[in-house]
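Encoded as structure tokens, the structure appears first; notes follow it.
Indexing begins at 1, ligand by ligand and atom by atom, following the structure's order. Treat the numbers as computed from the prediction; the structure is a model and nothing was measured.
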Amino acid sequence: MICWLPLKSALREVRLISQEIWSDVLGYVRKNITEVEYHTWFAPVKNLGVQDGSLVLGVRNSFAQEWFRKNYLKLLEDALRSLGAQDPQVSFQVLPAAQDALLLPSDPPPPPSVPAPRAPAPTFTENRKVLNPKYTFENFVVGPNNNLAHAAALAVAESPGKAYNPLFIYGDVGLGKTHLMHAVGHYMLERFPGKRVEYVSTESFTNDLINAIRDDKMTQFRNRYRSVDLLLVDDIQFLAGKERTQEEFFHTFNALYENHKQIILSSDRPPKDIQTLEGRLRSRFEWGLITDIQSPEYETRVAILKMNAEHNRIDIPQEVLELIARQVTSNIRELEGALMRVVAFSSLNNVPFSRAVAAKALSNVFAPQEVKVEMMDVLRQVAAQFNMPPDVIRGSGRVREVVQARQVAQYLIRELTDHSLPEIGQFFGRDHSTVMHAISKVSEQMGKDSELTSTVDLLRRRMKGQDDEDSDA
Ligand SMILES: Nc1ncnc2c1ncn2[C@@H]1O[C@H](COP(=O)(O)OP(=O)(O)OP(=O)(O)O)[C@@H](O)[C@H]1O
């Protein structure tokens, strides 16, 4: 019988396992089965996210569900293990849209010889226009690394065709160039819904041109690109060496410019460094404003992670975000990927967020980092374990459970950090003799109370990132 998990709640957690993790799982799977098997079985699978530590995959029908359980469960578990899941769990769910699929559980498997057809190459009528809804000004964190580009984009959005034309934004990969371009597009469409905004990568522009020449549709091509109010062209450095595309782009540029239509270009380098770019194009690119985006500094990285976590409704402690921000320094796309990796890791292993968990989740991808335990880490973990808010533990309450949690926290802080007794005392608003008393009290109780001993052990392992040995986690 098919077990229908509440799809809505599964979908709510979709964000918890990023596409990046799912792509890694697929990458692993692909290396271990034939291409035909891969296309037949894995290409149609939907990643529904993580629920209660289990990766939920949507399959087309009950037959596929059975087939996966029998044939691919172990492979998927191995894939997750290779990504750091200690006790990987995978479940399969039949997608409602395929509920009435014709295959019955007793049907033979579909012939494995036909790989899924590749999607046809997009034509110039359908391959863009879609702005990423996430790439708005509201979702853009402004820092010293990007404030000029941001201000210029905002000025252009407010007075298109007038402020700076063209606006040329350059910077390394994954630093927000595309985001800013789309933000201008959204802004303009919100204020003037009738305006035409086109976003296109240079590669798509080139392909459109090739298709238009091949299909004898140059007039449509020109009408399309020359009738827009805002043209956003990404990765313009790829014009280098493409003479015919440069020629066509030159005319597109002129037509728009003369009609006071706004053009925004992005590139990984300034116009002067784009080799084999015709002089007349280069000089046009320099007519407006050239602005760059640099790698974000630490505070901006933390702010970006915080915003991302809030958007995805992930409740993750600040110190974990700080650890990620220290680990990933140059590229915001990677920074976002790292956050999702940590979220997926803790959800797959069913362990609460901590700096140690985050360091472990990232250790496969980034150089491992020595995690220094902080007092706040210990307090949070103790609070989670004793099921009470950190502030209560630090407060003045004298209820027995609270006092015990407080003493355990002080005991572990003394053991796992370099802080002195007065410093620990200060953290708890008490003096050093209280901390000394707490430490000897916990040591003494541990001799008699095995439950307390195993709780302290468990917390100690978590702090040190050794929770894989922890069977109760
Ligand atoms: N300042 C920022 N605030 C919030 N998110 C940002 C910021 N800058 C970049 N991002 C996010 O980082 C990711 C990468 O950004 P984007 O795709 O715009 O980079 P890019 O510079 O265009 O990279 P590429 O050169 O590879 O195309 C996106 O998810 C984007 O939303």
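- Between F137 and H150, the distance separating the two ring centers is shorter than 6.0 angstrom.
- For a threshold of 3.5 Å applied to N or O pairs, the pair formed by I332 and ligand 1 contains no separation below that value.
- Listed by atom number, the atoms of ligand 1 under 4.0 Å from L175 heavy atoms are 8 (N), 9 (C), 19 (O), 20 (P), 21 (O).
- The two residues R301 and R326 come nearest to each other via the heavy atoms NH2-CA, 4.3 Å.
- Taking any N or O of V142, backbone or side chain, none lies under 3.5 Å from an N or O belonging to ligand 1.
- Among all non-hydrogen protein atoms, the one lying nearest atom 11 (C) of ligand 1 is E336 OE2, 3.3 Å.
- Listed by number with element, the atoms of ligand 1 under 4.0 Å from a non-hydrogen atom of Y135 are 17 (O), 28 (C), 29 (O), 30 (C), 31 (O).
- Scanning all protein heavy atoms for the shortest distance to atom 1 (N) of ligand 1 gives V141 O, 2.8 Å.
- The protein atom (non-hydrogen) at minimum distance from atom 31 (O) of ligand 1 is H179 ND1, 2.7 Å.
- A distance below 6.0 Å separates the ring centres of F68 and F42.
- In terms of polar-atom proximity, I304 is not counted as a contact of ligand 1, lacking any N or O under 3.5 Å from an N or O of the ligand.
- Looking at I169, N146, D172, D292 one by one, the single match for side-chain contact (heavy atoms from CB on, under 4.5 Å) with K177 turns out to be I169.
- When only modelled atom types and interatomic distance are considered, E247 and H251 share a side-chain donor-acceptor pair under 3.5 Å.
- Nearest residue to atom 24 (P) of ligand 1 from M181, Q237, R333 is R333 (criterion: closest heavy atom).
- I413 contributes atom CD1, which lies 5.5 Å from atom CZ of F427 (distance to the nearest 0.5 angstrom).
- In terms of polar-atom proximity, defined here as any N/O pair under 3.5 Å, D234 makes no such contact with ligand 1.
- Nearest residue to atom 19 (O) of ligand 1 from S267, G176, A149, S266 is G176 (criterion: closest heavy atom).
- In the model, Y170 has no side-chain atom that pairs as donor or acceptor with a side-chain atom of D273 under 3.5 Å.
- Residue contacts with ligand 1 include N146, since one or more of its heavy atoms lies under 4.0 Å from the ligand.
- A donor atom on one side chain and an acceptor atom on the other are found under 3.5 Å apart for R196 and S227.
- Aromatic rings from F205 and F221 are positioned such that their centres are separated by under 6.0 Å.
- At the shortest separation from atom 22 (O) of ligand 1 among protein heavy atoms lies T178 OG1, 2.5 Å.
- Interatomic distance, CZ of F249 versus CZ of F285, reported as 5.0 Å (0.5 Å rounding).
- Nearest non-hydrogen protein atom to atom 25 (O) of ligand 1 is K177 NZ, 2.9 Å.
- Closest to atom 4 (C) of ligand 1, if we only count protein heavy atoms, is N139 O, 3.3 Å.
- Ligand 1 lies nowhere less than 4.0 angstrom from a heavy atom belonging to G171.
- The shortest heavy-atom contact between T276 and Q246 is O-NE2, 2.9 Å.
- Which of S201, G143, G174 comes nearest to atom 23 (O) of ligand 1 through a heavy atom is settled by distance: it is G174.
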